[in-house]
Protein chains: 2
Amino acid sequence: MDFAKNQQNRWYQNKEKMFVAIDCIIFGFDNGVLKLLVFKREIEPLKGSWSLIGSFVRFDENSGEAANRILKDITGLEQIFTEELKTYSNINRDPGARCISIAQYALIPIDKHNKDLVEKHGAFWFPLNELPNLALDHDTMVADALERLRNKAKFFPLGFELLPKSFTLPQIQLLYEEIFQKKLDARNFRKKILSLELLTNTKKKDKTSSKKGAFLYQFDPEKYKKFKSIGFDFPILKNNI
Amino acid sequence: MDFAKNQQNRWYQNKEKMFVAIDCIIFGFDNGVLKLLVFKREIEPLKGSWSLIGSFVRFDENSGEAANRILKDITGLEQIFTEELKTYSNINRDPGARCISIAQYALIPIDKHNKDLVEKHGAFWFPLNELPNLALDHDTMVADALERLRNKAKFFPLGFELLPKSFTLPQIQLLYEEIFQKKLDARNFRKKILSLELLTNTKKKDKTSSKKGAFLYQFDPEKYKKFKSIGFDFPILKNNI
DNA sequence: TATAATAAACGTATTTTTTACATTTATTAT
DNA sequence: ATAATAAATGTAAAAAATACGTTTATTATA
């Protein structure tokens, strides 16, 4: 089925029908590099081009459930961090149909995801600065998601969602440097992160990147809950970048 | 047309059709009180109950345009501050149809709006703490919008959107006290607000609330633009309320 | 025309937070 | 035993936030 044919499709022709889709902007942190999961479209429209992973919202699910469904399908993971970004509803954003998309961004612990599933779906992890052009308005979605990620990360400890269960302080610093695209001072960063009182030192060491080894920390979900309920105002980074 | 009949309506019965609506959470600041514009439904479903102002998104407009259309219809105003809040898409949120709603909040300068239009539409301004229960999931929308307003107002000079062209410092302080539901120290507040360098003193005085009179300030749109482009990190209120 | 009343305007000292910056430490490989 | 490597640490200076009381401009009235 090619694109031209597809345009004659009953669904696409029905101008009274408005479609509701979701698109997922999926972030992962892999070996010090922030990456995005995109896939090569194997169906029309725009077969062969790169695009975000999406789906129509089904009649028996809400938009969040739709996102979780997609994320589970493609990564094998459940209960991962997702947040609605915004809707995209320009009249001609989708050449085939009048379709609004509810974009949602997700942060996944890249070590835990199912790589076979990803491959099976024709999906690839791209470092953010090597991202190909994406179909439709997906480039805009990515840019918006990145902006949101940066703004939110300043005030909310999102970063942990992207890390493995145990991680070192140098690792998490690297993550924030990657998010903000900025070198951070190790002493100040450590003070800041530890002052949140969300981390517990496992006393074990990761020696993969130094002879001395760096202590492995774990995120404390109990303290995190408390943190969330109190609200937040702990800039990781101050003064407008 | 009553609700029961309405349920037999072709549109509502068509389970394959997903509707896309917007709902507007419209804030105004009237005489030191933060208010919300709601209206009494004159049509089914839920005739007679209070609800937010909404509309289906038309095929020739995007969601932002839909919001502006509604806002113009009901207040007579154009180019007012609106921001998408989030979508509401629970399966049974609307008893009549499978309908997702893109909620948008708006801040209007209450002095400028067309009161006749508001009345004509059966709409009323309610102080936030006297708000009646609203239909569907509109109470949740309001709660979410208020939370967003509070969070955003901490870091971004939203408040000006709610004020008349000229306003005094005591007035704007009152507005922030109303938003945060908290007394603020006048000296510190003034320092903070003036340090943003967004206001110009008109040298005129408003003497309606004191013998001495308070200087009238105006918001400088040029400086505001610059402010927005630089980004923002000026908490009006710190330390988690 | 002096006085009282009222809300607006203002300044400073203290505390807290952020920033800048260099040395020591634990461990492994040689 | 020594060299090499990245991790860990502390402190002083600057900036921002907070707490707090007095003076000022104006109007109404005595």
Side-chain angles (χ1 to χ4, degrees), chain A residues 31-32 153-155 157 163 166-177 180 182-197 199-218 230-241, chain B residues 31-32 153-157 163 166-178 180 182-218 227 230-241:
Chain A
N31 266 100
K154 275 190 208 169
F155 298 102
L163 293 169
S166 295
F167 49 84
T168 67
L169 293 184
Q171 253 181 295
I172 189 168
Q173 181 176 341
L174 217 55
L175 169 56
Y176 277 94
E177 291 180 338
F180 296 126
K182 186 181 197 302
K183 271 270 166 221
L184 299 173
D185 179 86
R187 286 158 295 189
N188 295 336
F189 181 80
R190 297 163 84 95
K191 251 182 289 178
K192 190 84 202 183
I193 283 291
L194 293 173
S195 77
L196 303 182
E197 299 193 317
L199 299 185
T200 47
N201 188 333
T202 65
K203 304 286 182 188
K204 287 180 196 126
K205 279 190 164 184
D206 170 12
K207 291 184 181 153
T208 54
S209 68
S210 84
K211 288 162 184 168
K212 183 178 180 179
F215 281 113
L216 284 161
Y217 287 80
Q218 286 187 357
I230 293 170
F232 47 88
D233 193 17
F234 288 94
I236 307 295
L237 195 65
K238 262 212 92 163
N239 283 342
N240 316 322
I241 307 168
Chain B
N31 267 101
K154 275 188 205 169
F155 299 102
F156 193 79
L163 293 169
S166 296
F167 49 85
T168 67
L169 293 184
Q171 253 182 296
I172 189 166
Q173 180 175 343
L174 218 56
L175 168 56
Y176 276 94
E177 291 180 338
E178 186 72 1
F180 297 125
K182 186 180 197 301
K183 271 269 165 221
L184 300 173
D185 179 87
R187 287 157 294 188
N188 295 335
F189 181 80
R190 297 163 85 95
K191 250 183 287 177
K192 189 85 201 182
I193 282 289
L194 292 173
S195 78
L196 303 183
E197 300 195 314
L198 292 171
L199 300 185
T200 46
N201 188 335
T202 66
K203 306 283 182 189
K204 288 181 194 126
K205 279 189 165 185
D206 168 13
K207 292 187 180 151
T208 54
S209 67
S210 83
K211 287 161 184 168
K212 182 179 180 179
F215 282 113
L216 284 162
Y217 286 80
Q218 286 187 357
F227 184 90
I230 293 170
F232 47 90
D233 193 18
F234 289 95
I236 306 297
L237 195 66
K238 260 213 94 165
N239 284 341
N240 317 321
I241 305 168

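Numbers restart at 1 for each chain; the letters A, B, ... are given by sequence-line order, proteins then strands. Quick caveat, the model's predicted, so the values are computed rather than measured.
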*With nearest nucleotides of DNA chain C determined for B:Leu169 and B:Lys191 from heavy-atom distances, which residue corresponds to the more 5′ nucleotide?*
B:Leu169
*Is the phosphate of D:dA17, meaning OP1 or OP2, less than 4.0 Å from a side-chain N or O of B:Lys192?*
yes
*C:dT27, C:dA9, D:dA7: which one has an atom nearest the side-chain heavy atoms of A:Lys207?*
C:dT27
_What is the distance, to the nearest angstrom, from the CZ atom on B:Arg187 to the C1' atom on D:dT22?_
9 Å
*asked:* Under a 3.5 Å threshold, yes or no: a donor from one side chain and an acceptor from the other, between A:Gln218 and A:Ser166?
replied: yes
*Indicate, yes or no, whether a donor-acceptor pair under 3.5 Å links the base of C:dG11 to the side chain of B:Arg190.*
no
*Under 4.5 Å between any side-chain heavy atoms of A:Tyr217 and A:Leu169, yes or no?*
yes
*On DNA chain D, nearest-nucleotide positions of A:Thr168 versus A:Lys211: which is more 5'?*
A:Lys211
*Does any N or O donor sit under 3.5 Å from an N or O acceptor when you compare the side chain of B:Lys212 with the base of C:dT6?*
no
*Across the strands shown, which category fits A:Ser209 at heavy-atom distances under 4.0 angstrom: base, sugar-phosphate, nothing?*
sugar-phosphate
_Minimum-distance nucleotide (side-chain atoms of B:Asn188 versus D:dG10, D:dA7, C:dG11)_ = C:dG11
*Looking at C:dT27, D:dG10, D:dA7, which one has an atom nearest to any side-chain atom of A:Ala214?*
D:dA7
_Between C1' on D:dA17 and CZ on B:Phe155, what's the gap in Å once rounded to a whole number?_
14 Å
*Could you say whether A:Phe215 or B:Asp185 is positioned toward the 5' end of DNA chain D, judged by the nucleotide with the nearest heavy atom to each?*
A:Phe215
_Separation of atom NZ in B:Lys204 from atom P in D:dT26, rounded to whole Å_ = 16 Å
